[in-house]
Amino acid sequence: MPASTTFDLPISGMTCASCAGRVERALRKVDGAEQVSVNLANEHARLQAPAGSLPALLAAVRKAGYGVATRSVELQIAGMTCASCVGRVERALSKLPGVEQVSVNLASERAHLEVVQTLADAQMIDAVAKAGYSASPVQPFNANRRDARRQLRNERLALAGALLLALPLLLPMLLQPLGVHWMLPAWVQFSLATPVQFILGARFYKAAYKALRAGAGNMDLLVALGTSAGYGLSLYQWAMAPAGSTPHLYFEASAVVIALVLLGKYLESRAKRQTASAIRALEALRPQRAVRVVDGHEQNVAIEQLRLGDLVLVKPGERFPVDGQVEQGHSHADEALISGESLPVAKHPGAGVTGGAINGEGQLLVRTQALGTETVLAQIIRLVEDAQAAKAPIQKLVDRVSQVFVPAVLVLAAFTLVGWLLAGATAQTALINAVAVLVIACPCALGLATPAAIMAGTGVAARHGILIKDAEALERAHAVSHVVFDKTGTLTSGSSRIVHSQAVDGNAGELHRLAGALQRGSEHPLATAVLASCAEQGLTVPPVADSQTLAGRGISGQVEGRCLALGNRRLLEEHHVPPGRLAEQAATWEAEGRTLSWLIELGSSPRVLGLFAFGDTLKPGAEQAIATLRARGISSHLLTGDNRGSAQVVAAALGIDDVQAEVLPADKAASVAVLKRQGVVAMVGDGINDAPALAAADVGIAMGAGTDVAMHAAGITLMRGDPELVPAALQISRKTYAKIRQNLFWAFIYNMIGIPLAALGYLNPVLAGAAMALSSVSVVSNALWLKTWKPTSLTQEPR
């Protein structure tokens with residue numbers, strides 16, 4: 001039976017003694033829970049329960065209708081070298097009472113945890129230390145960058161020293177094929193190999209000792225055992241050799257293996273820094289200072305000193321230091337690194353600006369609306385970091401393999417040693433072959449295969465305006481076979497425009513001019529559409545007198561001495577005005593789901609002057625997005641609460657396969673669930689009413705211009721409201737998943753081929769070390785190819 005652990009859970013939502021009793025009864029029902037005590041005054045529950053039962057305890061409290069206060073923690077982990085290390089750190093942290101979830105990423109060297117608020121950071125750091133590693137809170141960006149540079153410099157110096165000392169030892173082996181048989185004296189070999197083994201290679205001994213102390217094995221243990229065996233054998237051969245003879249030594253094998261491992265780790269560190277380049281590029285967008293304007297005076301201040309509502313002056317060419325709204329000035333902003341939008345975006349009074357974007361040609365005065373972690377840039381960085389820290393489901397297989405990998409390799413090395421001795425080989429031959437098995441089997445590539453691809457894929461996606469919140473969404477998206485679209489705000493602009501108009505006398509310009517006059521000063525969406533149409537045509541709108549809103553019907557007023565009214569069919573019926581020859585046209589447009597407005601002239605004999613049809617316009621790129629999905633064999637579906645007529649018009653214009661209209665928000669999730677029986681479903685939406693369907697789909701894709709609720713429910717967020725980013729998101733998912741599979745293939749194939757060759761004596765330790773280093777570098781380099789990805793339509797994309 002698992003050991004019992006004391007849990008201290010902060011409970012939220014309790015208001016009275018009956019609440020405390022309900023929580024206590026819920027906790028007692030959990031298997032193994034005892035000594036349960038709930039304190040209403042400090043809102044805490046203490047109990048004894050088996051280690052690892054926290055998820056069940058939290059579920060019990062939540063099922064009873066209460067909450068447990070939790071928080072997210074990020075820790076920087078030092079000392080991990082392979083997949084086995086990752087598993088060890090995760091197991092050490094998961095044993096703590098209060099850890100709900102833990103995920104450790106070898107590529108970023110970070111641990112992401114969900115813990116109850118009562119669990120202190122010091123407890124987590126101590127647990128990592130007991131496992132043989134070190135942990136610290138994640139430092140600010142600039143400090144992290146300095147530490148990474150310092151670490152890379154130290155690795156470079158260690159590598160240079162190891163190569164300089166190992167090359168003379170390797171030289172006789174290189175000259176032998178040329179017919180030159182020459183050997184360094186034993187004392188010279190010893191002098192060159194010893195600093196490499198015990199000074200430059202000290203890191204392997206330290207890490208191996210910590211792993212053994214924690215009762216586990218890792219890459220460092222394999223390297224330390226293998227090279228120590230070769231070094232020890234050389235000392236034995238040297239000591240036992242008759243005076244005056246030249247013994248066969250293996251100092252060069254041990255020294256060169258350590259040099260090659262250091263080379264691999266250095267190249268791996270450089271490559272890992274490149275996989276995190278997206279985060280560094282985003283972090284670099286944050287300005288450190290801003291010009292605050294107070295009572296007309298400019299103050300150059302640190303970003304931390306700004307407050308909400310402050311006025312900030314942004315000069316041409318500068319980055320916006322905050323999220324805010326333009327108060328004065330006109331300019332354009334380059335938002336490419338934030339939203340992926342390549343074209344400058346116009347900025348004018350009332351327009352929003354995003355911190356990190358570059359101001360164009362004009363000086364702007366901006367009112368601060370978001371600071372610190374609440375800015376769009378900070379949220380983007382957090383989303384990308386979370387995605388890069390998360391594990392894809394396929395990584396679970398790697399984790400299971402890594403738990404038994406190092407012990408299995410030690411057993412194989414022992415069998416190799418015994419097998420060669422039983423076959424009649426010399427002790428030197430048997431030991432060297434066993435060392436080769438230990439060296440080539442280092443599981444670095446196995447641990448890097450998945451996280452390196454995820455970091456590169458999510459990073460390049462973010463640069464193009466596609467934010468992937470978690471690795472699970474990334475993995476699922478590659479297999480999507482059905483994409484369900486909401487209509488308004490997703491495939492259409494979400495704002496009304498005049499899509500048709502017809503004047504009785506044929507003078508369309510005059511019809512728009514008179515309608516625009518009636519709508520002057522109105523805030524109604526249809527009024528905005530009429531005035532926008534007049535502005536596009538360059539029409540001068542005359543003034544209106546005696547303007548009057550007609551509730552539920554329209555608006556009326558005096559324009560150039562004429563009594564006019566603009567409104568719906570009820571307005572016609574009220575004034576007994578027949579639609580005349582526009583009746584047939586009106587019926588056609590109504591069948592399309594358009595909203596109609598009639599312009600009539602009132603008086604002794606009221607008459608119709610013309611007719612407007614309003615509707616939502618398709619977003620640029622919507623048609624190309626659907627065409628790209630169709631060409632990839634992915635079916636498209638339209639799911640909307642709008643009337644069937646407007647939905648059919650949009651579906652016909654875009655070539656959508658299936659339409660479901662007049663669907664209530666509560667029924668959208670059910671429709672998605674039905675479609676999931678036919679394949680993997682992605683739902684694309686932007687509104688609050690889309691949130692249930694986004695959560696119900698295998699992959700939720702939210703338009704970034706939509707609501708926060710939609711974006712929280714989705715696994716992927718598109719920073720621009722561009723439908724073409726939907727197939728692009730599926731494309732980068734497919735390419736990233738392909739890289740994961742390629743990396744895992746190479747990681748496994750290296751060991752599947754290399755270990756038997758080493759055991760059979762076809763690989764000496766030097767070649768085994770080179771192969772091991774090459775495996776790690778090749779896996780990370782393969783992942784880095786994702787950085788060259790750009791969104792393409794299917795016609796451009798190779799099949």
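The basis for the numbers below is simple: all heavy atoms, side chains too, and nothing from hydrogens, waters or symmetry mates. Bear in mind that the values here come from a model prediction, so they are computed numbers and not experimental data.
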Can you name the nearest heavy-atom pair linking [X] to [Y], along with the distance?
X	Y	answer
V460	W789	CG2-O, 3.7 Å
R476	V699	CB-CG2, 3.7 Å
D486	G685	CB-CA, 4.1 Å
A479	V680	O-CB, 3.4 Å
G621	D722	CA-OD1, 4.5 Å
A135	I77	CB-CD1, 3.8 Å

Given F485, which partner from the list L629, I701, V650 fulfils the side chain to side chain contact (heavy atoms under 4.5 Å, CB included) test?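 Among L629, I701, V650, the one that satisfies the side chain to side chain contact (heavy atoms under 4.5 Å, CB included) with F485 is L629.
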Test P727 against every option in I626, T628, V480 by the side chain to side chain contact (heavy atoms under 4.5 Å, CB included) rule and name the one that passes.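 Of the listed residues I626, T628, V480, the side chain to side chain contact (heavy atoms under 4.5 Å, CB included) partner of P727 is T628.
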Side chain to side chain contact (heavy atoms under 4.5 Å, CB included) partners of [X], counting only residues at least two apart:
X	answer
A647	L638, T640, V659, A661
A461	I466, I468, I732
P620	none
S671	L639, Q660, V663

In chain order, what residues pass the ring pair (Phe, Tyr, Trp, His ring centres under 6.0 Å) check against H332, with sequence neighbours excluded?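 So H332 forms no ring pair (Phe, Tyr, Trp, His ring centres under 6.0 Å) with any residue.
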For the side chain of [X] and the backbone of [Y], is there at least one donor-acceptor N/O pair under 3.5 Å apart?
X	Y	answer
E114	Q101	no
K735	G457	no
T458	I454	yes
R319	A357	no
K347	V353	no
K487	T492	no
S94	E90	yes

Could you state the interatomic distance from [atom1] ([X]) to [atom2] ([Y]), rounded to the nearest 0.5 Å?
X	Y	atom1	atom2	answer
R632	Q731	CZ	CD	4.5 Å
Q624	L654	CD	CG	11.5 Å
K790	T788	NZ	OG1	9.0 Å
R88	L93	CZ	CG	12.5 Å
M719	R463	CE	CZ	15.5 Å
M124	L75	CE	CG	6.0 Å

S136 and Q76: side chain donor to acceptor below 3.5 Å: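 The answer is no; no qualifying pair exists.
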Within the 3.5 Å criterion, strictly below it, is a donor on H482 or S635 matched to an acceptor on the partner's side chain?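 S635 and H482 do have a side-chain donor-acceptor pair below 3.5 Å.
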Results of side-chain hydrogen bond (donor to acceptor under 3.5 Å, both in side chains) for [X] - residues two or more places apart only:
X	value
S481	none
Q369	none
Q742	N782

Test of understanding: with salt bridge (charged side-chain N to carboxylate O under 4.0 Å, His left out), list the residues that count as partners of [X], not counting sequence neighbours.
X	answer
K739	none
D323	none
E100	R62

V681/V484 under side-chain contact (heavy atoms from CB on, under 4.5 Å): CA gap, chis, key distance, verdict: CA-CA 7 Å; V681 177; V484 180; 3.9 Å; yes
Take I656 and L491, measure what side-chain contact (heavy atoms from CB on, under 4.5 Å) needs, and give me the verdict at the end. CA-CA 11 Å; I656 290 177; L491 293 175; 3.6 Å; yes
